[in-house]
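A quick write-up on the structure given underneath.
Every heavy atom of this structure was used, including side-chain atoms; hydrogens, water molecules and symmetry mates were not. Remember, predicted model here, so these are calculated numbers, not experimental data.
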Amino acid sequence: MKQDQAIIEKINGILSEEFEVDADRMIPGANIRQTLELDSLDYIDLVVVVENNFSFKVKPEDFIHIITFQDFYMYIISRVPSKEPSDAVMAGQVKG
């Protein structure tokens, strides 16, 4: 999906700038903590970055299950409101 790829590119750009890590190192299967060299204070920065750039509240416990960049991408993508019309809107069943 084009929107998902755009979100992933935005995430990588933001993380690269915020944590001073080459975006080429941010591959889906890579361990996010090791790649970004995150300590406990960095996780607070990560929460703030997500909330400021993607407009949703993050619960600290959400990060328990985020191990890889792919986990992180899916976490963000699942919480960012879709800008594409839903199938119901496309079918004319719901007003968009």
Side-chain angles (χ1 to χ4, degrees):
M1 188 182 268
K2 287 182 186 177
Q3 182 181 359
D4 290 357
Q5 188 58 39
I7 292 171
I8 290 169
E9 289 172 9
K10 180 176 179 178
I11 292 167
N12 285 349
I14 292 166
L15 294 179
S16 177
E17 185 176 320
E18 183 70 27
F19 295 99
E20 300 176 358
V21 173
D22 188 352
D24 293 339
R25 293 184 54 208
M26 296 178 211
I27 56 174
N31 182 296
I32 192 168
R33 182 175 183 212
Q34 292 172 352
T35 303
L36 299 180
E37 299 177 3
L38 300 177
D39 61 24
S40 56
L41 292 176
D42 291 327
Y43 275 103
I44 295 168
D45 291 340
L46 187 58
V47 167
V48 171
V49 166
V50 169
E51 291 180 348
N52 288 343
N53 287 281
F54 296 99
S55 303
F56 66 86
K57 283 300 237 181
V58 175
K59 298 177 193 162
E61 60 268 19
D62 290 348
F63 280 91
I64 293 170
H65 302 291
I66 296 174
I67 307 298
T68 65
F69 281 92
Q70 185 65 33
D71 297 335
F72 189 65
Y73 299 151
M74 291 299 97
Y75 171 75
I76 302 277
I77 289 167
S78 70
R79 285 160 177 78
V80 171
S82 176
K83 291 184 180 167
E84 295 177 9
S86 71
D87 292 336
V89 171
M90 295 290 285
Q93 298 168 351
V94 178
K95 293 183 180 178

Rounded to the nearest 0.5 Å, how far apart are CD of Gln34 and OG1 of Thr68?
11.5 Å
Has Glu20 got more than 12 heavy atoms of other residues, nucleotides or ligands less than 6.0 Å from its CD?
no
CD1 on Ile14 to CZ on Phe19, rounded to 0.5 Å:
10.5 Å
For Phe69 versus Arg25, what's the shortest heavy-atom pair and its separation?
CE1-O, 4.4 Å
Tell me, please, which residues at least two apart from Asp45 pass side chain to side chain donor-acceptor pair (under 3.5 Å).
none
For the student: nearest non-hydrogen atoms of Asn53 and Lys10, plus distance
O-NZ, 3.1 Å
Drop me the distance from Leu15's CG to Ile32's CD1, to the nearest 0.5 angstrom.
5.5 Å
Kindly determine whether Ile76 and Phe56 satisfy side chain to side chain contact (heavy atoms under 4.5 Å, CB included), including the steps that lead there.
CA-CA 9 Å; Ile76 302 277; Phe56 66 86; 4.1 Å; yes
Please report the shortest heavy-atom distance between Ser16 and Ala23, naming the atom on each side.
OG-N, 3.8 Å
Separation of Ile11 CD1 from Phe54 CZ (nearest 0.5 Å)
4.5 Å
To the nearest 0.5 Å, what is the distance between CG (Asp42) and CG (Leu36)?
8.5 Å
Linked hydrophobic residues, Leu41 as query - side chain contacts closer than 4.5 Å:
Ile44
Looking at side-chain heavy atoms only, is the closest gap between Arg79 and Asp62 below 4.5 Å?
yes
Roughly how far, to the nearest 0.5 Å, is CD1 of Ile77 from CG of Asp4?
4.0 Å
Looking at Val58 and Glu51, what are the two nearest heavy atoms and their distance?
N-OE2, 2.9 Å
